[in-house]
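In what follows, a structure is listed as structure tokens, so that the remarks can point back to it.
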Amino acid sequence: MSASFPPDSVGLVTPQTATFDTPLPLACGKTLERFELVYETYGTLNAERSNAVLVCHALSGHHHAAGYHAADERKPGWWDAYIGPGKVIDTERFFVVSLNNLGGCHGSTGPGSLNPQTGRLWGPTFPVLTVADWVHSQARLADHLGISRFAAVVGGSLGGMQALQWTIAYPERVANAVVIAATPRLSAQNIAFNEVARQAIRSDPDFFDGWYAEREAIPKLGLKLARMIGHITYLSEHSMGSRFGRDLRSDQLNFGYDVEFQVESYLRHQGDTFSTRFDANTYLLMTKALDYFDPAGQHDGDLAAALAPVACPYLVISFTTDWRFAPARSRELVDALLRAGKAVSYVNVDSPHGHDAFLLPNDHYEAVFGSFMQRVHADIRGEGH
Amino acid sequence: MRADLELIYDWVPAGARILDLGCGDGTLLDTLGQRKGVTGYGLEIDPTGLAACLRRGVNVIEQNLDDGLGNFDDDAFDVVVMTQALQALRRPDSMLVEMLRVAPECIIAFPNFAFWKHRLHLSLRGRMPVSRSLPHAWYDTPNIHLSTFRDFANLCREKGVRIADEAVGSADHQPHWTSRRWPNLFGETAIFRVCRGR
């Protein structure tokens, strides 16, 4: 069966579930008594357990980062371009761990799970989580897998913020950090976009204050609008322009409000697809985690002070046309790391694809990211002697 | 290592924190790090150089030197090194001042336009010199501010910068005795070690 997959694919993968019975204290003051995390692994953990790479996902991501769940699956995992045999995160060298974050809607404990204390779905009562909470839960997963230190913690966008948080919360457990298309904190504009998305969901009549599952309803309209807004921020003006321009679906203007421009059709399609595969409460929760993330906040806004615990080299990557988390935001992180005297490298990759560029093939991106990962691997071998 | 880098290698004290402006493939930083315990960062914009540095484990920041060094604190480093970049800067004079803000000492190497071969090229052929150290045609060269050994010494005087050491070299062999006596004429590459104050 594996013959039907591309040779540089990790092939067929099966998600696994880890159950944690030790209570997890959360930033909001509440405690999760028990939780499950769904994850996938690619490659083989070496005897020294020193070649593990943690991949953290973005806002609407999940554990399925590479390979296929079934022989007839149309699309591989969301970061398949970068994870696989001979790829940037080379599964012949690294043992890759990719999980669905707590609060997610792809199998890990979240708003769609049963609250054992009430016997009811968590729904809107599921605790609002922070990036720090996620990182603590991921550390539990690392313990479960017998990984005391990751060779690298890697992530794009919200995933990059988790990688950053790892280096502050568990500096001794991270040998390298790769932070891609991320920011050390959201701008007012970023939060504003998130708030519009949340309002779209919460004002959907099918939202029922978050209890839609019990009513067997889905706030599709709200999710669709939230995704349409989000999607605009993922693309650059240029990539939208070159892909759709002002192209019409038919040859003429109809002087009405149905879909006319190709870009409208595309956005509606993206929104529709998303509204049936993503959970509204999870979306609200994940956007809040984004908004709250601000490691400098506890240090009077001094990011360099917040980064004082960092003990590993960083690779920070941004993309020239990313306006959601613009290169200047990555520079803030880089400059703070420089000021703190930490080992850091930074590359601003030329790409027309906006924020989405971190998911897409790009020669320069692959060259710099791949070079860094080669060095990560060389260091593992060096440590083995 | 290139001859000018060999000389710079000797001039950088062990254990120093350095900033290498236009660090290329990171050879100097890598060698200094491994053999002399030097730490620091390189600034580079060339994609091939960036990837080469990352493969070596050299800290490299993609940063255009013409944007200045505003993101580095005063005295953040012991030494700032700049090889083969001075002549490509928009304002080499401002950069000299900036370099001596972020470190008390700088090492600067650049092609000496007054090298005898360049003079000969210009005087006999009447055309802009094209040579091993200046390989570009006049219209596509990144070297927009060519200067001579003596020009740079003058700039240092004007800016109140002290010249601690000066030398000339070439890319592939040790300088001849003639270049020690008449550096402005026989030095292909000019190398200066400069400090704050006279």
Side-chain angles (χ1 to χ4, degrees), chain A residues 88 90 151-152 175-180 302-305 310 312-320 327-328 330-351 362-383, chain B residues 15-34 37-81 98-99 101-103:
Chain A
V88 165
D90 189 346
N176 294 277
V178 184
V179 176
I180 307 166
D302 185 349
L303 185 57
V310 171
C312 74
Y314 259 74
L315 172 61
V316 179
I317 299 175
S318 61
F319 298 93
T320 49
S330 285
R331 283 306 306 236
E332 283 175 32
L333 172 60
V334 170
D335 289 344
L337 286 162
L338 288 171
R339 218 171 307 120
K342 307 298 181 182
V344 54
S345 291
Y346 167 67
V347 179
N348 186 27
V349 174
D350 195 16
S351 163
N362 174 313
D363 287 345
H364 182 33
Y365 176 28
E366 285 166 40
V368 293
F369 188 6
S371 297
F372 187 82
M373 292 309 291
Q374 277 179 35
R375 206 267 310 148
V376 169
H377 182 248
D379 284 357
I380 295 170
R381 283 183 305 176
E383 281 173 14
Chain B
R17 289 182 48 77
I18 81 165
L19 181 66
D20 186 351
L21 306 182
C23 64
D25 64 5
T27 303
L28 181 68
L29 276 168
D30 193 21
T31 314
L32 282 168
Q34 287 185 27
V38 166
T39 57
Y41 309 93
L43 304 189
E44 185 52 69
I45 49 171
D46 172 55
T48 316
L50 289 163
C53 288
L54 290 167
R55 204 168 304 122
R56 288 195 146 109
V58 164
N59 297 317
V60 64
I61 307 290
E62 181 168 350
Q63 182 166 335
N64 192 327
L65 301 183
D66 281 327
D67 294 339
L69 304 176
N71 52 324
F72 296 101
D73 292 337
D74 295 1
D75 283 313
F77 301 96
D78 300 314
V79 184
V80 182
V81 174
E98 266 293 87
M99 288 168 78
R101 177 183 65 78
V102 301

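We name chains A, B, ... by the order of the sequence lines, and we start the count at 1 in each one.
With rounding to the nearest 0.5 angstrom, the CD atom of Glu62(B) is 9.0 Å from the CG atom of Asp350(A). Rounding to the nearest 0.5 Å gives a distance of 15.5 Å between OH of Tyr346(A) and CG of Asn59(B).
The contact between Val344(A) and chain B is made by backbone and side chain atoms together, counting heavy-atom distances below 4.5 Å. Leu337(A) touches chain B through its backbone: at least one of N, CA, C or O sits under 4.5 Å from a heavy atom, while the side chain does not.
For the pair Arg331(A) and Ile61(B), the minimum side-chain heavy-atom distance is below 4.5 Å. Under the 4.5 Å side-chain criterion, counting only non-hydrogen atoms from C-beta, Arg375(A) is not in contact with Leu54(B).
In terms of heavy-atom proximity, Ala51(B) sits nearest to Ala367(A) at CB-O, 4.1 Å. Scanning all heavy atoms of the two residues, the minimum distance from Arg17(B) to Gly341(A) falls at NH2-CA, 4.5 Å.
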